Amino acid sequence: MLSEPRAGRLAAWGNALIAHMVSPDDAVVAIVGEDAVHRVEGLPGESAPVGLTLALGRLRALGASGLRVALPAPGHPLGLSGPPDFNARALEAEEAVICEGAALGLVPEVYGAGPEGDVHVEVVWHCLPVREAPPADVPSLGEAERELAEALRDATEVLTRLDVAGSGPVAEAAIEAYRARAEQGREVLAPGYPPRAVRVLELAQRVGALVTLASENGHGGAVSASEIAARGEALRPVERVARRAQVAAYNSVVAERGMR
């Protein structure tokens, strides 16, 4: 989870563009990142896929006043508001962007092209109708920060007791190295986001990395079926909390705007 979801980049820099804090060119460069190209398909008024610059301008003209992130998982439609067709597409992609004020949503489809060792990534964002309703299960920044601190403490205690890989200093070193590589040359969030949102997102990424390391690095000392089950029980809620916090951070500028 240390790597940014593409929906997060699109929403964060799209929000900065809508607030006139960055130029269209700078926003597109940040959204595309290391991918080769992003296009938007199904945009109202367009019969073929268009580039991000045109798409973001068109969404603003259609009434988009902000962009929200959804990071759904099976049984947890986090950030979604329907309809079922859009939710299903977003669940398959595990991420989506919802346009506040325009009743439209964007779901990415990722393609790899090129020979082995030189594969470049192309992304097509499918623009679809969404229901204008409150998003599912998105906490405030304050709630997310408290939940993260509690989840990290509880999960670390359980994983350490089970001697699970991912709960000690080796895991911390791996998280720091991964985060240093991931953050080289990039901002954690786009201009205009409050410092608390940056702090919450960084902590959510750290918690997500702990979950990933514990899930992928073997069973450690958890050799019995009951111990493995206990590890799973410890990881599931903390992964959910980390996703909720990411969504809260990315959506914070839209949420604050709505409270004014």
Side-chain angles (χ1 to χ4, degrees), residues 4-33 37-72 77-109 123-141 189-194 197 246-260:
E4 284 181 300
R6 289 180 173 87
R9 292 205 307 266
L10 177 56
W13 288 91
N15 283 327
L17 178 62
I18 289 170
H20 305 289
M21 303 194 75
V22 297
S23 70
D25 287 347
D26 287 344
V28 169
V29 167
I31 292 165
V32 173
V37 65
H38 285 215
R39 296 184 180 89
V40 179
E41 181 180 71
L43 196 66
E46 298 292 338
S47 59
V50 301
L52 274 178
T53 303
L54 174 58
L56 290 169
R58 179 62 56 81
L59 289 171
R60 282 196 294 178
L62 290 168
S65 58
L67 303 177
R68 295 190 282 106
V69 170
L71 297 177
L78 174 62
L80 297 175
S81 55
D85 287 349
F86 180 82
N87 287 5
R89 293 284 291 268
L91 180 58
E92 183 178 358
E94 299 183 340
E95 58 180 316
V97 171
I98 291 90
C99 301
E100 192 86 3
L104 294 169
L106 302 164
V107 179
E109 188 170 2
V123 179
V124 174
W125 292 89
H126 297 279
C127 186
L128 302 161
V130 298
R131 183 181 297 143
E132 292 188 282
D137 199 36
V138 178
S140 68
L141 276 177
L189 278 171
Y193 277 83
Q246 274 201 313
V247 171
Y250 285 122
N251 294 359
S252 58
V253 291
V254 177
E256 286 185 359
R257 211 174 294 146
M259 291 188 294
R260 291 172 189 166

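Just so you know, these numbers come straight off a predicted model, no measurement behind them. Because only heavy atoms are used, hydrogens play no part in the values below, and waters and symmetry mates are left out as well, while side chains stay in.
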Practice item. Any side-chain hydrogen bond (donor to acceptor under 3.5 Å, both in side chains) involving residues 93-102? Give me the pairs, sequence neighbours left out, ordered by first then second residue. Key: Arg68-Glu100

Review point. Out of curiosity, Cys127 SG to Leu104 CG, how far, rounded to the nearest 0.5 Å?
Key: 4.5 Å

Review point. Which value, rounded to the nearest 0.5 Å, describes the distance between Glu92 atom CD and Asn87 atom CG?
Key: 13.0 Å

Point to revise | Partner set under side-chain contact (heavy atoms from CB on, under 4.5 Å) for Val37, not counting sequence neighbours | key: Arg39, Glu122

Study note, to complete from the structure: Residues passing the side chain to side chain donor-acceptor pair (under 3.5 Å) test with Asn15, sequence neighbours excluded, are Tyr193

Practice item. List the atom of Val253, the atom of Gly192, and the distance in Å for their closest heavy-atom pair. Key: CG1-O, 3.5 Å

Check your understanding: Between OG of Ser23 and CG of Leu17, what distance do you get to the nearest 0.5 Å?
Key -> 8.0 Å

Point to revise | Sequence-distant partners of Pro139, side-chain contact (heavy atoms from CB on, under 4.5 Å), two or more places apart | key: Glu143, Ala144, Arg244, Ala248

Throw together a table of side-chain donor-acceptor distances under 3.5 angstrom for residues 43-59, partners on residues two or more places apart or in other chains.
unit_1: Glu46; atom_1: OE2; unit_2: Arg58; atom_2: NH1; d: 3.1
unit_1: Glu46; atom_1: OE2; unit_2: Arg58; atom_2: NH2; d: 3.0
unit_1: Arg58; atom_1: NH1; unit_2: Pro44; atom_2: O; d: 3.3

Exercise for review: For Asp85, enumerate each residue passing the side chain to side chain donor-acceptor pair (under 3.5 Å) test, keeping only those at least two apart in sequence or located in another chain.
Suggested key: none

Study note, to complete from the structure: In this structure, CD1 of Ile18 is separated from CZ of Arg60 (nearest 0.5 Å) by 7.0 Å

Point to revise | Residue pairs involving residues 6-22 (criterion salt bridge (charged side-chain N to carboxylate O under 4.0 Å, His left out); sequence neighbours excluded) | key: Arg6-Asp35, Arg9-Asp35

Point to revise | Minimal non-hydrogen separation, Leu189 against Ala12, with atom names | key: CD2-CB, 4.2 Å

**Study point:** All side-chain contact (heavy atoms from CB on, under 4.5 Å) counterparts of Pro83, not counting sequence neighbours
**Key:** Phe86, Arg131

**Study point:** Shortest non-hydrogen contact between Pro77 and Pro72, atoms and distance
**Key:** CA-CB, 4.1 Å

Review point. Hey, what do you get for CG (Leu80) to CG (Leu91), rounding to the nearest 0.5 Å?
Key: 8.0 Å

Point to revise | Interatomic spacing from CH2 in Trp125 to CD1 in Ile31 - rounded to 0.5 Å | key: 8.5 Å

